[in-house]
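In what follows, a single structure is set out as structure tokens and then discussed.
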Amino acid sequence: MASATLTRTLYNCNLTSPNHPKPQARRTLDSRRTVTGARRRQIRCEATGVASENRQQLVTTVKNGNDSLEICRVLNGMWQTSGGWGRIDRDDAVEAMLKYADAGLTTFDMADHYGPAEDLYGLFINRVRRERSPELLEKVKGLTKWVPPPVKMTSSYVRQNIDISRKRMDVASLDMLQFHWWDYANKGYLDALKHLTDLKEEGKIKTVALTNFDTERLQIILENGIPVVSNQVQHSLVDMRPQQRMAELCQLTGVKLITYGTVMGGLLSEKFLDTNLSIPFAGPPLNTPSLQKYKRMVDAWGGWSLFQALLKTLNQVALKHGVSIPTVAVKYILDQPTVAGSMVGVRLGLSEHIKDTSAIFSLTLDEEDVKRIQEVISKGKDLMRMIGDCGDEYRRA
């Protein structure tokens with residue numbers, strides 16, 4: 001499909017873009033950043049985000065055998081640091097990350113090719129070590145991805161690349177390494193995953209996971225004894241493919257799903273309600289890579305008119321509960337079988353959505369809400385038939 005080609009091109013551009021900032025030298029924290037024990041206790045006690053009665057819904061554990069990791073059910077996605085969403089100021093970005101963590105949103109998702117994302121995490125985690133409580137430091141998790149070219153996966157090559165991420169993130173052990181592979185015809189992905197498992201046994205990785213793998217390959221990987229804890233896939237009200245073959249295998253094996261594209265780059269929001277993008281300059285501009293990517297998904301699913309019907313339904317549900325459209329959209333996906341967490345992209349230092357995100361954990365969608373939403377999304381086309389299984393949008397020409 002043409003749209004799949006464009007999607008892969010967009011994803012691949014982030015691997016090689018010359019506009020990615022070079023890693024910044026880490027500066028010694030000055031006296032203004034020194035925090036006393038009393039201030040640490042104050043920070044720990046401040047109710048900046050999720051209410052205490054909702055904290056049991058805030059976290060979950062992904063596991064396979066003896067490997068496990070506790071993560072926040074809403075993850076802070078850092079693709080937006082890679083360029084295309086506005087200039088990121090390093091210091092402002094780190095301050096924003098601290099604000100998210102203080103609010104209880106303590107899990108950050110990044111990748112080796114998301115521009116300065118791993119370096120920003122390194123600066124951030126050092127601030128947490130110096131300025132926050134040991135309790136908060138324990139809760140903070142950094143999930144990264146490795147997206148190598150399909151070359152021979154030797155032990156030394158895998159080790160070298162993982163060491164780069166460890167150095168950039170300034171951690172002895174990666175909380176989670178999510179592995180992506182472009183070409184299934186090249187079985188090197190099994191070699192890479194076996195080497196990653198060896199690094200896990202050495203303590204350089206805490207958990208091994210996947211991103212954008214389909215059901216068939218996930219089963220092969222599990223049959224080869226790779227202790228995968230999760231698979232990160234595209235999943236939204238428009239793209240319900242993960243609830244077909246993938247969810248069935250996950251329920252049988254215990255592997256969890258971490259979802260991205262859940263608010264479709266912002267398309268699933270009040271901003272695009274009652275808009276007509278077919279008229280030039282009549283609606284909000286599609287001026288970010290994610291908006292452009294997910295608009296193509298809307299076109300494949302059923303077009304803008306059907307999408308407007310979905311937005312209107314979501315708005316009615318949101319008004320009923322006193323929340324926003326994105327809050328409803330994320331909660332619906334979090335309620336799906338085998339979904340451990342959903343990604344919400346963060347434009348660090350440029351905008352924030354802590355209030356909307358925190359509201360997810362107090363929202364309960366009742367049977368009427370679910371029925372109304374399902375009635376609309378059932379009118380969309382079968383993306384499994386049109387595109388293929390999870391991740392196939394990156395592999396089809």
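Hydrogens, waters and symmetry mates play no part in the numbers below; they use all other heavy atoms, side chains included. Please read these numbers as outputs of a predicted model, since none were measured by experiment.
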Inset, instruction - May I ask you to decide if the ring planes of Trp301 and Phe307 are parallel, tilted or perpendicular, using 30° and 60° as cut-offs? - result: perpendicular

Inset, instruction - Check the side chains of Gln251 and Thr338 for a donor-acceptor pair under 3.5 angstrom, ignoring hydrogens and angles. - result: no

Legend entry - Heavy-atom check, side chain of Leu98 versus side chain of Val128, under 4.5 Å: yes

Inset, instruction - May I ask you to check whether over 12 heavy atoms, not counting those of Lys355, lie within 6.0 Å of atom NZ? - result: no

Inset, instruction - Scan for salt bridge (charged side-chain N to carboxylate O under 4.0 Å, His left out) pairs involving residues 62-75, sequence neighbours excluded, and state none if there are none. - result: Asp67-Lys200

Legend entry - Thr259 side-chain N/O to Thr262 backbone N/O, donor-acceptor pair under 3.5 Å: no

Inset, instruction - In plain terms, say whether Arg245 and Glu216 are close enough for a salt bridge, that is, a side-chain N and a carboxylate O under 4.0 Å apart. - result: no

Legend entry - Heavy-atom neighbours of Glu270 CD exceed 12 at 6.0 Å: yes

Legend entry - Output field: ring centroids His353/Tyr100 closer than 6.0 Å: yes

Legend entry - Axial cation check for Tyr114 ring with Arg168, 6.0 Å and 45° limits: no

Inset, instruction - Give a yes or no on this: more than 12 heavy atoms of other residues, nucleotides or ligands lie within 6.0 Å of atom CD of Glu248. - result: no

Inset, instruction - Describe, in one word, how the ring planes of Tyr260 and Tyr394 are oriented to each other, choosing from parallel (under 30°), tilted (30 to 60°) and perpendicular (over 60°). - result: tilted

Inset, instruction - Can you run down the salt bridge (charged side-chain N to carboxylate O under 4.0 Å, His left out) pairs that involve residues 221-241, sequence neighbours left out, and say none if there aren't any? - result: Asp239-Arg241, Arg241-Glu393

Inset, instruction - Quickly, which of Asn76, Val140, Leu143 forms a side chain to side chain contact (heavy atoms under 4.5 Å, CB included) with Thr107? Name it, please. - result: Leu143

Inset, instruction - Measure from NZ or CZ of Lys293 to the centre of the six-membered ring of Trp79, then state whether that distance is under 6.0 Å and the direction lies within 45° of the axis. - result: yes

Inset, instruction - Assign the ring pair Phe213 / Tyr184 to parallel, tilted or perpendicular, where the plane angle (0 to 90°) is split at 30° and 60°. - result: tilted

